[in-house]
Number of protein chains: 2
Amino acid sequence: MFIKNLPHKTVERLSQYRRALLMILSKEKTHVFSHEIAQMLHITPVQVRRDLMLIGYSGNLRKGYDIKELIELIGKIIDSDRGQRVAVVGLGNLGKAIISYFKGKRSKLAIIAAFDVNPEKINRVYDGVACHHISQMTDIIKQNNISIGIIAVPSEQAPEIAETMVLAGIKGILNFTPKPLNVPPFVYLEEYDMITSLEKVAFFAKKNDERFK
Amino acid sequence: MFIKNLPHKTVERLSQYRRALLMILSKEKTHVFSHEIAQMLHITPVQVRRDLMLIGYSGNLRKGYDIKELIELIGKIIDSDRGQRVAVVGLGNLGKAIISYFKGKRSKLAIIAAFDVNPEKINRVYDGVACHHISQMTDIIKQNNISIGIIAVPSEQAPEIAETMVLAGIKGILNFTPKPLNVPPFVYLEEYDMITSLEKVAFFAKKNDERFK
DNA sequence: GTCAGTATGTGCTGGATTTCAAAAAGTCAA
DNA sequence: TTGACTTTTTGAAATCCAGCACATACTGAC
């Protein structure tokens, strides 16, 4: 399903809506109002409605939005029909944490391989994901049609890993190292920088503190 | 040092500028041009100059910006004078990864305590950070004047931890769980959602792929 | 001393995103 | 049947942010 030019921010929120919706699905409710979703995510109801408008979903005036239908529609838009395979490179604490987080999170996204250089980790299975030596990365990515790579190695090695990924045909990279990477335009790159985030929190915490005094 | 209403994005970039500057400080250089910084971070030189303009720093026309001075100025703006203390709650893989990442990253931000419920972890020191039982959280936060909390526990426990943090007087929270939290307005909350990030990468990777075919 | 060259500082434009505000529509009660 | 109430839908305004393009300023060559 195509929607032309969905804003980046909207895509992010759709992912969050879906998660929020899945959480309330159990609670015997079948419909939900925009303000309920908004409250869960700390945004405005207008924002929610606008996003749903962009993906062309209409709610019921009296009952709100049909939860099941909406979950399904979001899936049609942000998931790929045939699913996408993911590889994690770097099986240190961070790599392991990532794998644990995604475990059992259904969705069309599956982490199916991990890579590391530490011989003790090679050929072992962590949380259902097999770990291989980095030298095999290109082959395994190609053979298994892996389209997404997560970089969780020490910073210095990140550029090299990224390059290998690109050459192996990866289409999207999530980079957890603070090192900015260079990739060609046909590869989507998302930087996920913990240090910057923490410093940002520190800054606004300080500012808030002064303001509310 | 106050600058009124620095945009969020600028704050993020300042943190990145500082890191980049620290990396080149060693290289016997004393000055740097906007286009050099820009290249390192994959942004435009104009953007860099604009940000520096916002914080009121002027470069030397012929030599560029004084690296040391600039690092110091950024510190004055985004760091707190007296430094800020940080606590990590949840010492699983993610918690450990976070601590490792920040280790030795100087700056006025120091992780000085960790909390968990697992008896095997309590009273042990991980990467220089002592781990205590969660029940001691309030006391230790207050005693040590910790102002920033990082939540790295399983999702279900996140709301409770957040509440405890707020009551203990924390001013900023970085939440690594996918569970949106509720905090009063005087506490700054940053959500750091891996699942959303990965789904976003998946979406744009898919889209890119179609576009470049 | 003049001129070419390069880098900074910044008003202004454009694009993306959010919010406002009003229109439309369904439901309940009397 | 009418009217009050609530919620969605959506055009339009407001805001935020990035990038262009030019004015400005310094340096070095000749």
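These numbers come from the heavy atoms of this one structure, side chains and all, not from hydrogens, waters or symmetry mates.
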**Message:** Test of understanding: with ring-ring contact (aromatic ring centres under 6.0 Å, His included), list the residues that count as partners of B/Phe176, not counting sequence neighbours.
**Reply:** B/Tyr192
**Request:** Write down the distance between NE2 (A/His31) and P (D/dT7), rounded to a whole number of angstrom.
**Result:** 14 Å
**Asked** Could you state the CD1-C1' distance from A/Ile37 to D/dT8, rounded to the nearest angstrom?
**Response** 12 Å
**Asked** What is the per-nucleotide protein-contact pattern of nucleotides 11-20 of chain D, from the 5' end, where B denotes a base atom under 4.0 Å from a protein heavy atom, S denotes such proximity for sugar-phosphate atoms only, and - denotes neither?
**Response** BB----SSBB
**Request:** Taking side-chain hydrogen bond (donor to acceptor under 3.5 Å, both in side chains) as the test, write out the residues that go with B/Ser15, two or more places apart.
**Result:** A/Thr196, A/Glu199
Report all interatomic pairs (protein N or O, nucleotide N or O of nucleotides 22-30 of chain D) with separations under 3.5 Å.
unit_1	atom_1	unit_2	atom_2	d
D/dT27	O4'	B/Arg62	NE	3.4

**Under 4.0 angstrom between A/Ser58 side-chain N/O and D/dT9 OP1 or OP2** = yes
**Item:** Sequence neighbours excluded, every pair satisfying side chain to side chain donor-acceptor pair (under 3.5 Å) that has a member inside residues 29-46 of chain B
**Value:** A/Asn182-B/His42, B/Lys29-B/Glu36, B/Ser34-B/Arg49
**Item:** Upstream residue (5' side of DNA chain C) when A/Lys63 and B/Pro45 are each assigned their closest nucleotide
**Value:** B/Pro45
**Request:** State the OG-CG distance between B/Ser197 and A/Leu174, to the nearest 0.5 angstrom.
**Result:** 6.0 Å
**Message:** For A/Phe204, give me all partners under ring-ring contact (aromatic ring centres under 6.0 Å, His included), at least two apart in sequence or on another chain.
**Reply:** B/His8, B/Tyr188
**Asked** CZ of A/Phe33 versus P of D/dT8: gap in Å, rounded?
**Response** 6 Å
**Item:** All salt bridge (charged side-chain N to carboxylate O under 4.0 Å, His left out) counterparts of B/Lys63, not counting sequence neighbours
**Value:** none
**Asked** How would you list all residue pairs meeting side chain to side chain donor-acceptor pair (under 3.5 Å) that involve residues 155-175 of chain B, not counting sequence neighbours?
**Response** B/Asn175-B/Thr177, B/Asn175-B/Glu191
**Fill in**
Hits for salt bridge (charged side-chain N to carboxylate O under 4.0 Å, His left out) against B/Asp66, two or more places apart or cross-chain, chain-then-number order -> none
**Request:** With sequence neighbours excluded, tell me which residues meet salt bridge (charged side-chain N to carboxylate O under 4.0 Å, His left out) with A/Lys96.
**Result:** none
**Request:** Shoot me the first and last contacting nucleotide of DNA chain C against chain B, ordered 5' to 3', at under 4.0 angstrom to non-hydrogen atoms.
**Result:** C/dG5 to C/dC12
**Item:** Contacts of type salt bridge (charged side-chain N to carboxylate O under 4.0 Å, His left out), residue B/Lys179, not counting sequence neighbours
**Value:** none
**Asked** Would you find a donor on one side and an acceptor on the other, under 3.5 Å apart, between the side chain of B/Arg13 and the backbone of B/Asp51?
**Response** no
